[in-house]
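These notes are about the structure you will find just below.
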Amino acid sequence: MLAACAPKQRIPLDQCVTEKVTVYVDGRLLEVSPADLELRSDEPHKLFIKRPGEAPHLVVLEPTPDGEGKLRLEPAEPCKEVLAVGLDRKLTIEVDEEEAPAP
């Protein structure tokens with residue numbers, strides 16, 4: 001009797017994971033930062049991504065039926081979630097008052 005393989009899905013991480021990024025998948029630290037992960041698509045997964053100088057990001061991948069009824073993990077591209085969070089940064093500009101024009 002052949003055992004059925006669990007359905008898997010490749011999740012790209014190359015846009016938000018570099019060698020300086022810490023990644024946990026379902027509570028396990030990844031020793032090497034991968035360009036992508038292959039995860040079971042029939043169960044939820046938690047990605048914890050910590051990039052230097054930023055707050056840690058938690059992305060929950062949920063199994064969601066696609067148009068054909070097959071389970072697919074969503075969001076399929078978690079880096080878009082992580083990068084979108086970083087877009088609300090504020091820019092602070094300091095002016096040397098000695099060189100500032102007089103009012």
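What you are looking at is a predicted structure, and each value in this text was computed from that prediction instead of being measured.
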Is there side-chain contact between L13 and P34, with heavy atoms separated by less than 4.5 Å? yes

For the pair T64 (side chain) and E62 (backbone), establish whether a donor and an acceptor sit closer than 3.5 Å, ignoring hydrogens and angles. yes

OH of Y24: more than 12 outside heavy atoms within 6.0 angstrom? no

If you measure from the Lys or Arg side-chain nitrogens to the Asp or Glu carboxylate oxygens, is any gap between K46 and D26 under 4.0 Å? no

Distance-only, no hydrogens or angles: does the H45 side chain make a donor-acceptor pair with backbone N or O of R40 under 3.5 Å? yes

L71 and D66, any side-chain heavy atoms less than 4.5 Å apart: no

Passes side chain to side chain contact (heavy atoms under 4.5 Å, CB included), V21 versus C16? Steps please. CA-CA 8 Å; V21 174; C16 62; over 6 Å; no

With heavy-atom distances below 4.5 Å as the criterion, would you say the side chains of K70 and P7 are in contact? no

Side-chain contact test, heavy atoms from C-beta onward, threshold under 4.5 Å: evaluate it for P44 versus L61 and give yes or no. no

Is any side-chain heavy atom of L58 closer than 4.5 Å to a side-chain heavy atom of L47? no

Measure across L73 and P63 and return the closest heavy-atom pair with its distance rounded to 0.1 Å. CD2-N, 4.0 Å

With rounding to the nearest 0.5 angstrom, report the OG to CZ distance, S41 to R10. 13.0 Å

Does a side-chain heavy-atom distance below 4.5 Å link P78 with I11? yes

How about L30 and V32: do any of their side-chain heavy atoms sit closer than 4.5 Å? no

same_hphob_cluster(L37, F48) at 4.5 Å side-chain heavy-atom cutoff: no

With side chains defined as the heavy atoms from C-beta onward, is the minimum distance between Q9 and R72 less than 4.5 Å? yes

